[in-house]
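Input: a single structure, listed below in structure tokens.
Proteins get letters first, then strands, A, B, ... in listed order; numbering begins at 1 in each.
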There are 2 protein chains.
Amino acid sequence: MPKHTILLVDDEVAIRDMLSVALEAADFNVLKAENAQQAHAMIIDHQPDLALLDWMMPGTTGLELLRRLKRDELTAKIPVIMLTAKAEEDSKISGLDAGADDYLPKPFSPRELISRVKAVLRRVGREDLQEPITVGELLLDPLGHRVSISGQPINLGPTEYRLLQFFLTHQERVYSRGQILDYVWGGNVYLDERTVDVHIRRLRKAISVAGHENYVQTVRGAGYRFSVQLQNG
Amino acid sequence: MPKHTILLVDDEVAIRDMLSVALEAADFNVLKAENAQQAHAMIIDHQPDLALLDWMMPGTTGLELLRRLKRDELTAKIPVIMLTAKAEEDSKISGLDAGADDYLPKPFSPRELISRVKAVLRRVGREDLQEPITVGELLLDPLGHRVSISGQPINLGPTEYRLLQFFLTHQERVYSRGQILDYVWGGNVYLDERTVDVHIRRLRKAISVAGHENYVQTVRGAGYRFSVQLQNG
DNA sequence: GATAACATGACACAAATATGACAGCGATAT
DNA sequence: ATATCGCTGTCATATTTGTGTCATGTTATC
């Protein structure tokens, strides 16, 4: 089981430290940010599994950051728990409205935080990544981290696996090499875009059994697409 | 995917250089301007995909330039990110009010800048071109970058695809070859206007199923038109 | 039927993508 | 430590596909 990465955003050092200790004790990787700008950059760079946002922060508030995250497809699916001071009662409503997954009024115990975090991860984990996806004879099982065609196991490198998983969860749509780098490699890696070509090739090669490589389609001048429909007529 | 072009406007050479290096590293084309006049001219000439405007500049300020851009239809759609010094807290409001797409308080890291730029480009890129367009049995799906007639996939080269997309979004109106070159090929290319004829021909050929080629109509002495109504009455 | 505007097919060149090889790197085993 | 192995990103090269121009054939208009 890979460790989950949690991004913790709060402007007060003391709170950041306390919570990060608690989270690390619960076996999470913790990233810290003290303002919305930093947080946003980290989210794009590291694609954490969950973000804890303080409601009130100098500059851009947590709520604003939340809205921004939800507006962008790349970050929209990252679950968010808002941390708010008790006074701000109605913040709950606007927070959940804006797409927060949970809401935790201060003061709260580290123990409570951990259980909420785990609950949210369980919930979204179930929805998104956990169920096997199958296309034709191709099967990708996220739980077992396995891929097979007609029952025959397929060997993929980590990158090819993520690439395939990305394609399977984003079918019938073209993605530019840049987008693919963002989604599969994570934001802000400066790689040659041609690198994508090479991994596409490796993926195709790996799944080239009974024509399954034809699902991975080249769209000249635009990028690549995973599609069940054949390329031409 | 064509490279995006970013216009960077700041009066300080050091900042211009630093940011332009970062942007180029992220594979953008970068145009630089040191004042609002220059910037305005460049925007009209080169139609960048996005503009980064420094808030405070000698002479016309970034905010003024922003307002001017939003007032002119030709430039209104170009997304703008404002760069502001930390002190100017409320500038945020007026900036977003005036139509800026994002707002980035100094100091910021190049990385943060890149991720904002990408986020904005993703967001605006999505708005316009997203919805599938259908005419008769003809279907163009921008997301999948696909064209089909009665469900049968049609194979188009990149240029023919753009040409068709242009026609579908600008129906029932004649465009001269020069205009078509501008819109489909982009502003500053010098090509023989007859080239348009050839691509019209290729497009017609590609969609000549069940008479769909008749939508692309020749208007003698004027140019071409995409129309659902038949040519001669 | 003369003339200008457009259509068409062919072609050389350009651009985009596919492919194979390789060196660096980190993890694991020895 | 050191050797080994699998994975990655980059490069050079091959291959495929798209592009603009031209020469020539067709059509509309007067």
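The CD atom of A:E213 sits 15 Å away from the C1' atom of C:dT19 (whole-angstrom rounding). Atoms CG (A:D197) and C1' (C:dT19) sit 10 Å apart, rounded to a whole Å. In this structure, the CG atom of A:N155 is 10 Å from the C1' atom of D:dG6, given to the nearest Å. We find that CD1 of A:I200 is positioned 13 Å from P of D:dG9, with the value rounded to whole Å. Rounded to whole Å, atom P of D:dG9 lies 11 Å from atom CG of A:L163. Atom CG in B:L203 sits roughly 15 Å away from atom C1' in D:dT19 (whole-Å rounding). For B:E193 and D:dT21, the CD to P distance is 11 Å, given to the nearest whole Å. The distance between atom CG of B:D192 and atom P of C:dC6, rounded to the nearest whole Å, is 13 Å.
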Candidate pair B:Q217 and B:R204, rule side chain to side chain donor-acceptor pair (under 3.5 Å), full reasoning:
CA-CA 10 Å; B:Q217 301 171 355; B:R204 280 177 173 154; over 6 Å; no

Test side chain to side chain contact (heavy atoms under 4.5 Å, CB included) applied to B:L181 and B:Y190, step by step:
CA-CA 9 Å; B:L181 280 176; B:Y190 175 64; over 6 Å; no

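Between B:F166 and B:Y175, a ring centre-to-centre spacing shorter than 6.0 Å is recorded. Ring centers of B:F226 and B:H170: at least 6.0 Å apart, outside the cut-off.
When heavy atoms are screened at a 4.0 angstrom cut-off, B:R202 is found touching base atoms of the nucleic acid. Counting non-hydrogen atoms under 4.0 angstrom, A:E160 reaches the backbone sugars and phosphates but no base. A:Y224 comes within contact range of the sugar-phosphate backbone alone, with a heavy-atom separation under 4.0 Å but no base atom that close.
Taking 4.0 angstrom as the limit, A:W185 places a side-chain polar atom (N or O) nearer than this to OP1 or OP2 of D:dG9. The phosphate of C:dC6 (OP1 or OP2) has a side-chain N or O of B:R177 nearer than 4.0 angstrom. In terms of phosphate contacts, A:R194 brings no side-chain nitrogen or oxygen within less than 4.0 Å of OP1 or OP2 of D:dC11.
Proximity note for A:R201 (side chain, C-beta onward) versus C:dT19, C:dA16, D:dT8: the nearest is C:dT19. Of the listed nucleotides (C:dT8, D:dC11, C:dA7), C:dA7 has the atom at the smallest distance from the side chain of B:R204. Of the candidates D:dG9, C:dA18, D:dT19, the closest approach to any side-chain atom of B:T159 belongs to D:dT19. The nucleotide whose nearest atom lies closest to any side-chain atom of B:T218 is, among C:dA7, D:dT10, D:dT21, C:dA7.
Judged by closest nucleotide on DNA chain C, B:G223 is the one of A:R220 and B:G223 placed further toward the 5' end.
Between the side chain of A:N35 and the backbone N or O of A:Q38 there is at least one donor-acceptor pair closer than 3.5 Å.
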